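These numbers come from a predicted model, not from an experiment. Lettering of chains follows the sequences in order, A, B, ..., and the numbering in each one begins at 1.
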Amino acid sequence: MHIYDSVQKKKLPFEPIRANEASIYVCGPTVYDDAHLGHARSSLAFDLLSRTLKAHGYAVTMGKNFTDIDDKIIKKVEATGKSIEELTSFYITRYLEEMAALGIQRADIEPKATESLDAIEAMIQKLIDKDYAYVISTGDVYFDTAKDAHYGEISARVAEDEESQSRVEHTSEKRNPKDFALWKACKGEEDICFDAAFSRGRPGWHIECSAMIEKHFTGDTDYSIDIHGGGADLLFPHHENEAAQSRCATGHALAKYWMHNGFVQIDGEKMSKSLGNSFFLKDALKLYDGEVLRYYLNSVHYRNDFNFSEEELHLSKKRLDKLYRLKKRVSPGKASLPNKNFKKALLDAMGDDLNISIALSHIDEMIAKTNDALDANPKDKALKKETLANIDFIDELLGFGGKEPFSYFQIGVDTALKEQIESLIAQRLEAKKAKDFARSDAIRDEITALGINIMDTADGTLWEKA
RNA sequence: GGAGCCAUCGCCAAGUUGGUAAGGCCGUAGAUUGCAAAUCUGCUAUUCACCAGUUCGAGUCUGGUUGGCUCCUCCA
């Protein structure tokens with residue numbers, strides 16, 4: 001299996017620290033607001049990575065944090081009058097629910113910053129002791145980038161360029177403009193802060209991840225974890241700083257491989273709060289089924305930017321529908337074993353840095369071939385069982401196709417409507433039997449007007465929501 | 001101003017070490033159907049933003065041009 005390392009900028013064979021094991025840590029959200037499609041894409045990308053590694057036989061340990069202490073959270077606390085606990089646990093719960101709707105498997109370790117303060121304080125203290133960090137008069141603690149010879153290697157940033165044209169304003173007693181805060185001392189008495197040896201305050205953003213990884217993963221190996229993931233915007237400064245802290249504190253590298261997912265864009269621009277073009281996941285899930293969203297958001301390679309459009313989403317659903325129509329055709333029944341070649345083709349495609357496009361094309365090919373064979377021999381039981389197993393495997397590896405096929409096509413149809421449809425179909429059948437095609441077509445129009453498509457098959461009339 | 005990514009059919013989108021353009025949607029012709037729908041089959045880029053170069057051979061390598069995006073501030 002190969003993955004693309006965004007530090008070395010090339011595809012590398014995946015050789016984990018420990019044979020047959022894979023540890024992944026992904027930067028999770030700062031929980032001060034609802035998740036948007038961009039969060040979904042990142043989660044989806046690393047869910048796919050985790051599933052792929054598992055299918056390739058690795059025992060995966062996935063860690064994903066929640067940043068639950070931060071300026072933005074504090075602002076929101078002040079604005080809403082809610083407690084920080086109340087606020088963050090609300091968004092964490094919602095985040096987990098929404099991700100579950102997308103079929104994302106829960107991480108094995110889900111640390112929160114506020115529950116990792118001991119590890120954070122310990123790591124900062126270690127950096128101070130080793131003289132990689134310094135405390136200024138306000139009590140803030142900064143990382144001294146000049147002391148780290150390897151600083152800049154993660155994001156491949158030239159050391160000289162930052163000063164003159166940087167958009168960052170530097171004030172304070174920082175020794176170097178690139179130095180970043182490990183700990184921010186509290187300023188007012190009302191501030192939300194915690195006691196630490198160096199000052200009363202709260203952790204900087206970057207140190208959290210390093211400390212949590214250190215706490216939950218690190219052993220006495222050359223790297224703390226195998227793969228560190230996150231959005232492409234985290235490469236600098238977040239991951240650069242994480243790597244520096246961990247390297248200097250622990251004496252070994254943070255991650256063996258770094259993977260970054262591309263952005264979700266709206267009309268060709270990055271979706272972000274500041275541009276005001278965010279599409280919240282909760283709103284998307286009101287309009288579309290989570291599985292359809294998952295299929296759509298995963299249909300483009302994780303490293304590419306993803307231009308979201310509702311039109312494309314609908315087209316994408318058509319492709320998923322075909323899989324479920326096939327499933328309908330081979331259901332109900334018991335799955336046997338997936339076709340060996342098919343399974344291998346999917347594993348190979350996904351094993352090549354998650355080449356989802358190739359995987360999907362194999363699925364489409366399998367669908368066409370199976371339909372063809374079923375047209376020729378509708379009672380091929382062995383094929384039906386194998387097909388069910390193929391679809392089970394798709395669900396395991398890619399996370400779609402797992403629903404009961406009849407219910408998939410009835411999402412959003414209530415019981416009353418369902419009864420109405422079935423009654424109309426029965427009436428139409430009567431008309432057809434009497435060869436009263438004018439009437440049967442009129443009934444079909446009536447059904448269509450309800451937003452339902454029907455199709456006559458050898459097994460009777462089937463219907464699905466348009 | 002600095003750093004990087006990207007540009008493939010009407011649309012979405014693959015394309016390891018250069019070897020003669022996957023797949024899906026749409027469209028179209030046909031099989032099937034009372035008609036549809038669904039399903040299947042055929043057709044649909046001599047060409048990969050543009051220019052020049054290396055090569056027997058380039059979408060794939062090199063240089064340049066144009067256009068788009070991202071990072072350098074919180075950000076998935």
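- Rounded to whole Å, the P atom of B:U62 lies 15 Å from the corresponding atom of B:U54.
- Between A:Lys282 and A:Asp34 there is a salt bridge, since a side-chain N of the basic residue sits under 4.0 Å from a carboxylate O of the acidic one.
- As rounded to whole Å, 14 Å separates atom C1' of B:A22 from atom CD1 of A:Ile363.
- Relative to the side chain of A:Lys72, the nucleotides B:U70, B:C40, B:C74 differ in distance, and B:C74 lies closest.
- Across all strands shown, A:His36 has heavy atoms under 4.0 Å from base atoms, whether or not it also approaches the sugar-phosphate.
- Straight-line distance between the P atoms of B:A31 and B:G23: roughly 24 Å, to the nearest whole Å.
- Only the C1' atoms considered, B:C26 is 24 Å distant from B:C35, to the nearest whole Å.
- Pairing for B:C71 goes to B:G2, judged as Watson-Crick or G-U wobble with the two contacts each under 3.5 Å.
- Contact between the side-chain N/O atoms of A:Lys322 and the OP1/OP2 oxygens of B:C25 is found at a separation under 4.0 Å.
- At a threshold of 4.0 angstrom between heavy atoms, the contacts of A:Lys9 are confined to the sugar-phosphate backbone, with no base atom among them.
- Judged by atom type and distance alone, A:Lys318 does not reach the base of B:C25 through any side-chain donor-acceptor pair under 3.5 Å.
- The NZ atom of A:Lys270 lies 4.0 Å from the CG atom of A:Asp233; values are rounded to the nearest 0.5 Å.
- Partner assigned to B:A31 is B:U39, using Watson-Crick or G-U wobble distances below 3.5 angstrom.
- For the pair A:Lys384 and A:Asp380, the salt-bridge criterion is not met [side-chain N within less than 4.0 Å of a carboxylate O].
- A:Gly262 comes within 4.0 angstrom of a nucleotide base, judged by non-hydrogen atoms across all strands.
- Contact annotation for A:Glu311: no contact, since no heavy-atom pair falls under 4.0 Å across all strands.
- Spacing of P atoms, B:C48 relative to B:A38, comes out at 35 Å, to the nearest Å.
- Among B:A14, B:C71, B:C69, the nucleotide with an atom closest to any side-chain atom of A:His301 is B:A14.
- Comparing the same atom, C1', in B:A58 and in B:G1 gives a spacing of 35 Å after rounding to whole Å.
- Base contact: A:Gly38 has a heavy atom under 4.0 Å from a base atom.
- To the nearest angstrom, C1' of B:G2 lies 16 Å from CG of A:Leu235.
- For the pair A:Asp353/A:Arg303, a side-chain contact is recorded, criterion being any heavy-atom separation below 4.5 Å from C-beta on.
- The aromatic rings of A:Phe308 and A:Phe306 sit tilted relative to each other, their planes meeting at an angle between 30° and 60°.
- Here, B:U32 and B:A37 have their P atoms 15 Å apart, quoted to the whole Å.
- Of the candidate nucleotides B:A14, B:C40, B:A76, B:A14 has the atom lying nearest to any side-chain atom of A:Val300.
- A 3.5 Å limit on both hydrogen-bonding distances identifies no Watson-Crick or G-U partner for B:A14.
- A salt bridge does not link A:Asp140 to A:Lys174: none of the charged side-chain nitrogens sits closer than 4.0 Å to a carboxylate oxygen.
- As rounded to the nearest Å, B:C9 and B:A14 have P atoms that lie 13 Å from one another.
- Of the residues near RNA chain B, A:Glu464 and A:Gly28, the one whose nearest nucleotide (by heavy atom distance) lies more toward the 5' end is A:Glu464.
- Heavy atoms of A:Val264 sit under 4.0 angstrom from at least one base atom.
- A straight line from CD1 of A:Ile367 to P of B:C40 spans 9 Å, rounded to a whole angstrom.
- In this structure, A:Asp233 reaches the bases: a heavy-atom distance under 4.0 Å links it to at least one base atom across the strands shown.
- In terms of position along RNA chain B, the nucleotide closest to A:Leu360 lies nearer the 5' end than the nucleotide closest to the other residue of the pair A:Asp372 and A:Leu360.
- Using a 4.0 Å heavy-atom cutoff across all strands shown, A:Ile454 reaches at least one base atom of the nucleic acid.
- Under the Watson-Crick or G-U wobble criterion, with both distances below 3.5 Å, B:A7 is paired with B:U66.
- Within 4.0 Å (heavy atoms only), A:Asn453 reaches no atom of the nucleic acid at all.
- Regarding contacts with the backbone of B:C12, every side-chain N or O of A:Asn304 stays at 4.0 angstrom or more from both OP1 and OP2.
- Taking 4.0 angstrom as the limit, A:Asn355 places none of its side-chain polar atoms (N or O) nearer than this to OP1 or OP2 of B:A14.
- A 3.5 Å limit on both hydrogen-bonding distances identifies no Watson-Crick or G-U partner for B:U46.
- Nucleotide B:G24 holds its C1' atom 4 Å from the CZ atom of A:Arg319, rounded to whole Å.
- Taking atom CG of residue A:Leu462 and atom P of nucleotide B:U33, one finds them 17 Å apart after rounding to whole Å.
- The residue A:Asn261 sits close to a base: some heavy atom pair falls under 4.0 Å.
- Side-chain proximity of A:Phe263 to the nucleotides B:C69, B:C11, B:A76 is greatest for B:A76.
- Across the strands present, B:C61 finds its partner in B:G53; the criterion is a Watson-Crick or G-U wobble pair with both atom distances under 3.5 angstrom.
- Base engagement by A:Ser440 is indicated by at least one non-hydrogen atom pair under 4.0 Å involving a base atom.
- A:Ala368 comes within contact range of the sugar-phosphate backbone alone, with a heavy-atom separation under 4.0 Å but no base atom that close.
- Rounded to a whole Å, the CD atom of A:Gln265 is 16 Å from the P atom of B:A76.
- Using a 4.0 Å cut-off between a side-chain N of Lys or Arg and a carboxylate O of Asp or Glu, A:Lys75 and A:Asp71 do not qualify as a salt bridge.
- For B:U60 and B:U17, the C1' atoms lie 11 Å apart once the distance is rounded to whole Å.
- Residues A:Arg329 and A:Asp375 are paired through a salt bridge, judged by an N-O separation under 4.0 Å between the basic side chain and the carboxylate.
- Not one N or O on the side chain of A:Tyr91 forms a donor-acceptor pair closer than 3.5 Å with the backbone of A:Thr30.
- Residue A:Arg444 is in base contact, counting any heavy-atom pair closer than 4.0 Å across all strands shown.
- Residues A:Arg175 and A:Asp144 are paired through a salt bridge, judged by an N-O separation under 4.0 Å between the basic side chain and the carboxylate.
- Following rounding to the nearest Å, A:Tyr295 (OH) and B:G23 (P) show an atom-to-atom distance of 15 Å.
- Regarding A:Asn371, its CG atom lies at a distance of 14 Å from the C1' atom of B:A37, rounded to whole Å.
- Among the protein residues, A:Arg325 comes within range of the sugar-phosphate backbone only, with heavy atoms under 4.0 Å from sugar or phosphate atoms but none that close to a base.
- Comparing B:A14, B:U70, B:A22 by their closest approach to the side chain of A:Ser361 singles out B:A22.
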